[in-house]
Amino acid sequence: MNIQVQACGAAILLLLLYLIKRQRSVGLFSEKVFFAMLLVTLYNISLDILSVALLVWRQRFPQWFVWFICKSYLVSLAMVTFMGLIYAVLDIYGEKKHRHFISRCLPFLVLGAALIYALPIACRVEGNWTYTYGPSVLITYVFALGYVICTLYQMAVYGKRINPRRKRAVLTWMLIWVGAAVVQFFNNELLLVGFAMALGMVILFFELENPEARIDRETGAFNSHALLDYMKLCYRSEKTFSILTISLDNYQGNAEETEDVNAALKDIVQYLENATDAKIFKNVERELILIFSDEKELYAALPRIQERFSGVWNAAGDRAIQLEPLYMLLPDSAIANSAEEVFYLFQFYKYESHRHSEGDAVCTIDRFVAQERREKKEMEDMVRAAIDDDRVEVFYQPIYSTKQRKFVSAEALVRIRDKDGNIVPPGRFIEVAEETGLITKLGEIVFEKTCRFMKMQKIWELGIEYIEVNLSVRQCEKKDLARIYMDIIRKYDLNPACINLEITETASIRTKQILVENMQVLIDFGVHFSLDDFGSGESNLNYIVDMPVSIVKFDRDMSQAYFENKKAKFVMEAAMRMIHEMKLKIVSEGVETKEQMETIVAMGIDYIQGYYFSKPLPQAEFLDFIRRENMGRGNA
């Protein structure tokens with residue numbers, strides 16, 4: 001009997017079954033479909049071997065039984081290609097829609113089976129070669145080819161929805177199967193199809209369905225890839241769940257502490273597996289995620305877990321370690337719209353919680369938090385789109401010189417228009433841009449557009465000596481800041497003295513060394529600096545002493561407090577005298593009335609900026625304002 005090839009295929013499939021059963025399963029729908037596909041393929045090869053044996057010894061068995069087994073083998077052959085179609089479209093449809101897709105395709109499988117059983121079949125035995133032929137065999141190839149064509153069609157139409165690895169693996173499996181089927185069709189004695197299917201299953205296993213690929217080797221928990229796949233499955237299947245995240249990211253000290261925490265994670269995972277019914281995943285180096293079936297299970301397990309963390313865990317060697325994790329809860333997965341949004345919410349919340357919490361903290365992500373982050377994500381996308389579509393504009397707020405009695409400078413302020421052309425308030429997008437790092441790109445755009453504006457309009461002819469441009473904290477962290485800005489100034493052939501860059505006190509605290517190095521290079525180049533928002537936050541005069549600035553800008557709140565609070569009045573007057581004694585200039589921001597303006601002038605402050613003179617203006621309106629005020633009436 002020529003069953004050696006089929007026997008090898010069966011041995012391969014049995015090995016795959018062993019490898020699958022020896023590891024825990026995440027419970028993915030793809031795992032279930034693949035396992036069913038594996039059983040059907042093993043069933044097919046087993047029937048192939050049995051049919052060959054019956055054909056060789058057909059005189060010993062009733063003819064109807066021999067033909068029934070042979071045709072059952074052909075039906076199972078069509079079933080394998082049918083399962084290939086079902087497996088290929090896993091990413092296209094959710095679990096419910098996938099079951100509906102199966103129910104629509106099942107009648108064709110039943111029809112094919114009925115035709116295979118109904119049509120005649122014949123066999124031929126030549127030496128060691130045994131095979132079947134006839135209409136029943138031919139219709140099997142027709143239906144199998146139909147399933148292959150349907151699979152290719154689904155991939156072509158919905159290719160973007162399919163995991164590229166799944167698409168590649170399924171196509172490879174089908175190429176091997178079709179190649180073997182063509183060879184066997186024209187050479188009936190070469191029974192290669194069963195073995196080709198087994199090889200295809202090996203490819204699918206190692207590319208997609210190997211359980212060990214979803215296990216974290218250090219802890220034994222499921223890994224982050226399994227976590228994403230499982231949550232995607234739940235969302236596609238509209239199955240709700242609850243999440244508890246145990247984060248130990250605050251333990252990032254010396255090498256010994258890091259080693260102890262990593263070793264303790266294994267002990268923690270073993271405890272959680274015994275103490276809860278949750279699926280346990282290791283997301284990143286020091287973070288475990290537990291997925292419960294519902295909120296009730298989550299809140300029942302949380303007190304036990306917290307109590308256990310009050311004790312010690314086994315660490316490296318004979319050491320023990322006590323840990324204080326950050327707990328983050330997502331009681332209802334329906335709060336988020338997708339698995340990706342779950343990660344986004346936890347990433348943000350962990351960052352915020354580590355900043356504001358210490359010790360054994362429990363943070364719950366509710367619908368309010370999710371909606372807030374969703375709105376910020378939409379704003380982030382809007383900012384990115386505005387950058388790509390060149391919808392970033394620069395407005396200019398005039399700055400009045402109390403000594404020259406005219407407008408000698410302006411502050412450049414970023415504005416963004418939405419797709420409908422409406423201005424988006426800066427308060428809505430600035431914070432998001434800073435959080436995401438987009439503020440760096442926005443800052444560079446504002447600076448380049450400001451330089452282009454100065455060059456094209458020759459604003460110095462209107463009495464404007466310089467324009468102030470803000471530097472964000474993120475920009476101050478860039479080591480190549482000076483080079484980038486100097487290149488832009490050279491590009492427009494500007495006098496560096498017409499540029500004044502504003503830094504904030506926050507920037508001087510967090511990135512002082514890099515910032516001072518950049519400032520010194522730019523100052524040597526001819527650029528000037530001012531310290532913005534003096535009087536807010538942790539303001540003190542040491543910032544002015546340490547930073548090489550030529551102008552200090554009093555914050556709006558400080559300017560307004562001067563007129564409302566006697567203590568603030570004394571503080572502002574004392575600060576003004578000290579700053580002037582250091583030969584620095586002062587800008588008072590937020591001046592809104594004539595009385596305030598006259599008082600500030602009488603104090604001897606050098607420059608005034610505020611709504612009393614003008615709000616920030618678009619380029620054309622700013623030019624009209626300066627021409628009218630400087631070239632017309634000559635003063636304010």
Less than 4.5 Å apart, side chain to side chain, heavy atoms only: is that true for L248 and E287?
no
Run the side chain to side chain contact (heavy atoms under 4.5 Å, CB included) check on K491 and R452 step by step: do they pass?
CA-CA 9 Å; K491 176 180 177 180; R452 185 188 304 129; 5.5 Å; no
Ring centroids only, cut at 6.0 angstrom: are F453 and Y396 within range, meaning strictly under it?
yes
Taking atom NZ of K441 as the centre, report whether more than 12 heavy atoms of other residues, nucleotides or ligands fall under 6.0 Å from it.
no
Please name all residues satisfying side-chain hydrogen bond (donor to acceptor under 3.5 Å, both in side chains) with N470, sequence neighbours left out, ordered by chain then number.
E411
Does E573, at its CD atom, have more than 12 non-hydrogen atoms belonging to other residues, nucleotides or ligands within less than 6.0 Å?
yes
I'd like to know if D332 and R367 make a salt bridge, using a cut-off of under 4.0 Å between side-chain N and carboxylate O.
yes
Side-chain heavy-atom pair M382, I416 within 4.5 angstrom cut-off
yes
Test salt bridge (charged side-chain N to carboxylate O under 4.0 Å, His left out) on R474 and E434 and set out the steps.
CA-CA 7 Å; R474 290 293 189 100; E434 288 176 343; over 6 Å; no
For residues Q596 and Q560, is any side-chain donor paired with an opposing acceptor at under 3.5 Å?
yes
Pair F625 and F613, ring centroids less than 6.0 Å apart
no
Distance in Å, R490 CZ paired with C451 SG, rounded so as to fall on 0.5 Å steps
12.5 Å
Residues E564 and K569 bridged, charged N to O under 4.0 Å
no
Can you find a side-chain donor-acceptor pair between K553 and Q609 that sits under 3.5 Å?
yes
Going through the distances and angles, do F447 and Y485 end up as a side chain to side chain contact (heavy atoms under 4.5 Å, CB included)?
CA-CA 8 Å; F447 186 72; Y485 274 44; 3.5 Å; yes
List in chain and number order the residues that pass salt bridge (charged side-chain N to carboxylate O under 4.0 Å, His left out) with D366, two or more places apart in sequence or in another chain; answer none if no residue qualifies.
none
Reference residue E341; test salt bridge (charged side-chain N to carboxylate O under 4.0 Å, His left out); the match among R373, K232, R374:
R374
Do other residues, nucleotides or ligands put more than 12 heavy atoms under 6.0 Å from K403 NZ?
yes
Is the positively charged end of R415 above the ring of F395, judged by distance under 6.0 angstrom from the centroid and angle within 45° of the axis?
yes
Close side-chain approach of L233 to Y235, heavy-atom, < 4.5 Å:
no
